[in-house]
Protein chains: 2
Amino acid sequence: MPKVTMDDVARKASVSIATVSRVYTDPDKVSPKNREKVFRAIEELNYQPNALARNLRRLQTNTILIIIPNIVNTFFTFILKSIQDVAFENNYQVLLGDTDRSLEREEQYLYLLQQKLVDGVILLFPRLNPSLIEEIVDNHPVVIVGQPLFDSKIPTVTNDTCLSTQIATEHLIKLGHSKIAYFSGPLNFLLSHDRLKGFRLAMVKHGLKIDESFIFEGDFYFQSGYELAAKMLSLPDLPTALVAGSDEMAIGAIKAARALGKVVPRDLAVIGFDDIKMASICEPSLSTMAQPADELGRISTEMLLALIKGETIKERFVLLYDKLVIRESCGFKKV
Amino acid sequence: MPKVTMDDVARKASVSIATVSRVYTDPDKVSPKNREKVFRAIEELNYQPNALARNLRRLQTNTILIIIPNIVNTFFTFILKSIQDVAFENNYQVLLGDTDRSLEREEQYLYLLQQKLVDGVILLFPRLNPSLIEEIVDNHPVVIVGQPLFDSKIPTVTNDTCLSTQIATEHLIKLGHSKIAYFSGPLNFLLSHDRLKGFRLAMVKHGLKIDESFIFEGDFYFQSGYELAAKMLSLPDLPTALVAGSDEMAIGAIKAARALGKVVPRDLAVIGFDDIKMASICEPSLSTMAQPADELGRISTEMLLALIKGETIKERFVLLYDKLVIRESCGFKKV
DNA sequence: TTGTAGGCGTTATCAA
DNA sequence: TTGATAACGCCTACAA
């Protein structure tokens, strides 16, 4: 493996290095005869162009960076999958930046943009201060997914989480529930506040009293759903329904309820959030709000690639909607 | 944002470009006074070094590529997570190559190595022809995870799947079962053959008859487990236990059994494979073989980074073991 | 300790 | 259509 460069190919094919380069960038500009010679030389030498040199020369990498809070979370993974698909189709590579929910990591990854290591960035559910993001981004191609930065200069595609919890809550209200509990995700996430707001909105809109002792803060995970439900079900006055900020918490709550001899949905109707795989498989199957992961990924990537190409984007802010998936845990019966 | 280069910084700090470069690569070689001046200039100009140029000059990218069959599968994701962690700690970036189980994509990604776009590759559960892999890899730093290429030149870290199904099967045998069924993954995966072999080995070792009508081929997913179990449970003669090649198939089988009025583990003891999150949460909780995802990721990455540094590796073949996780579905009772 | 200058392997401009 | 040559921005002998 003595490294073989374009020079070697050129020499072997008895043409100039410029001609070899053209065979890659603009083959039509090369005579068929020379093209053939070059191809043969490439073949014989087993030559592969050095992408580093090309990138430097072009000041472009054909790589986009995905900054993602946690690669183990299936919701994020689904978004990532569709991003990767679109990127691949367009001949782009995907660099992975798992922040593990750390602010420093998020910031650090963002700097790769200024270092020219990537042509653009998709920022999934950022937690960094918006103005700091804008400062670092500084006109580079970036698309944000999942944060409602209405006032931002940065193109954003997001889903309306506030509306979603509203829909979920109203579904339970329509089923006759009035004493409804809410398990929130961590309240240091903007997202959690939006969702909680949706819950409150729905209750108020229907003239129902919000019992503050029915509102709990968890961490999105199964265990916290279990523990919160155990605590809640020991209250003197019990809710008849629960909206959970994540499917895992919902499933945890269902399991806790069962451990305490309650039957879901009879004694406690439950709606989750995310539509993870488990939601359709668990027992009883979980009604939930499905987020449009595929679309979030696809649309944001298309926007980013357009930005990179320097095209102007018609819509700089795309709003998608979650979908209510009705299964068994909410107690809805088809007529 | 007129692009600012090292030249600009040098001019502003009234030093040479070499001095600026040294501030990054070897600050001790620069006098404190000049260092200070350079820092100030960097700050004022908001300079970020161009990583493309650096990479070309160094012929190194500080990037590793992970070729992964399917990013949506949580088992792979867990491996990826620990890879990313180790890489990040060592100041390496991770480029993501989701093949979607396509051979062409696997091959295509592998060529990024020759194009110098990455310093090394971790190949998760490759399906490409081993000799083709070796040909493309051609002495570049590569580590394979999960494929028992005993005869390969390429360092490998893998877990002993054959032994695992053996252990799972023996666990059921020890619990008194003799009529044991097996749900295999797709048989065009080497992996599936290894696992099936383990099952057969255990049966033979304990002098038990293998009923070929109890061996089914599925696709690893929930639905196939459900369907296979439904088919199996309509046989005239029924098995009393089941080893499934994946947790999803196991859970599907449990659900099918319940739909047919069977009780797990009383009527059918079940052991799965993978220890996905759902395994601990489902009802009854699933006994299963846990694969050492973390270790697979960590060890392979450490090996790869060592290879990149040109260090010699003591062990070129690392064998890890899966762990039997006993829960409710196998019917084991603690004494 | 500092500066000068050559080169990493391409691409792109220009002239032939 | 082709070839010579100057970038791209940085790193690193080597010399001062």
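In what follows, every chain begins at residue 1, and chains take the letters A, B, ... in the order their sequences are listed.
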| task | Measure from the side-chain heavy atoms of L59(A) and tell me the nearest of dG3(D), dC11(D), dG9(D). | result | dG9(D)
| remark: Whole-Å distance, R11(A) CZ to dG9(C) C1', equals 13 Å
| remark: 5'-most contact on DNA chain C (nearest-nucleotide basis), V30(B) vs L56(B), goes to V30(B)
| said: Whole angstroms only, please: what is the CG-P distance between L52(B) and dT11(C)? | reply: 14 Å
| said: Just the rounded figure in Å: distance from C1' of dA7(D) to CG of D7(B). | reply: 13 Å
| said: Quick check: on DNA chain C, is the nucleotide nearest A18(B) upstream (toward 5') of the one nearest R58(B), or the reverse? Name the residue that is more 5'. | reply: A18(B)
| said: Under 4.0 Å, counting only non-hydrogen atoms across every strand here, what does N34(A) touch: a base, just sugar-phosphate, or nothing? | reply: sugar-phosphate
| query | Can you tell me how far P of dT1(D) sits from NZ of K37(A), to the nearest Å? | reply | 15 Å
| field | Donor-acceptor side-chain pairing of S131(B) and N129(B) below 3.5 angstrom | value | yes
| said: Any heavy-atom pair between the side chains of E107(B) and I136(B) that's under 4.5 Å? | reply: yes
| field | Side-chain N or O of T19(A) closer than 4.0 Å to phosphate OP1/OP2 of dT1(D) | value | no
| query | What's the CG-P distance between D26(A) and dT1(D), to the nearest Å? | reply | 10 Å
| field | Length of the CD-P vector between Q60(B) and dG9(D), whole Å | value | 21 Å
| query | Rounded to whole angstrom units, what separation is found between the CE atom of M6(B) and the P atom of dG7(C)? | reply | 20 Å
| task | Pick base, sugar-phosphate or nothing for I17(A), based on heavy-atom distances below 4.0 Å to the nucleic acid. | result | base
| query | Rounded to the nearest Å, what distance is computed from the NZ atom of residue K33(A) to the P atom of nucleotide dT2(D)? | reply | 8 Å
| query | Is Y24(A) near enough to dA12(C) that one of its side-chain N or O atoms lies under 4.0 angstrom from OP1 or OP2? | reply | no
| query | Has S31(B) got a side-chain N or O lying under 4.0 Å from the OP1 or OP2 atom of dT1(C)? | reply | no
| Modelled atom types, side-chain donor and acceptor of N159(B) and Q291(B), under 3.5 Å | yes
| query | For N55(B) and K116(B), does a side-chain donor sit closer than 3.5 Å to a side-chain acceptor? | reply | no
| Which comes earlier along DNA chain D counting from the 5' end, the contact point of A53(B) or that of R22(B), where each point is its nearest nucleotide? | A53(B)
| query | Taking atom types as they are modelled, is there a donor-acceptor pair under 3.5 Å from the base of dT10(C) to the side chain of R57(A)? | reply | no
| field | Salt-bridge contact K3(B)-D138(A) (side-chain N to carboxylate O under 4.0 Å) | value | no
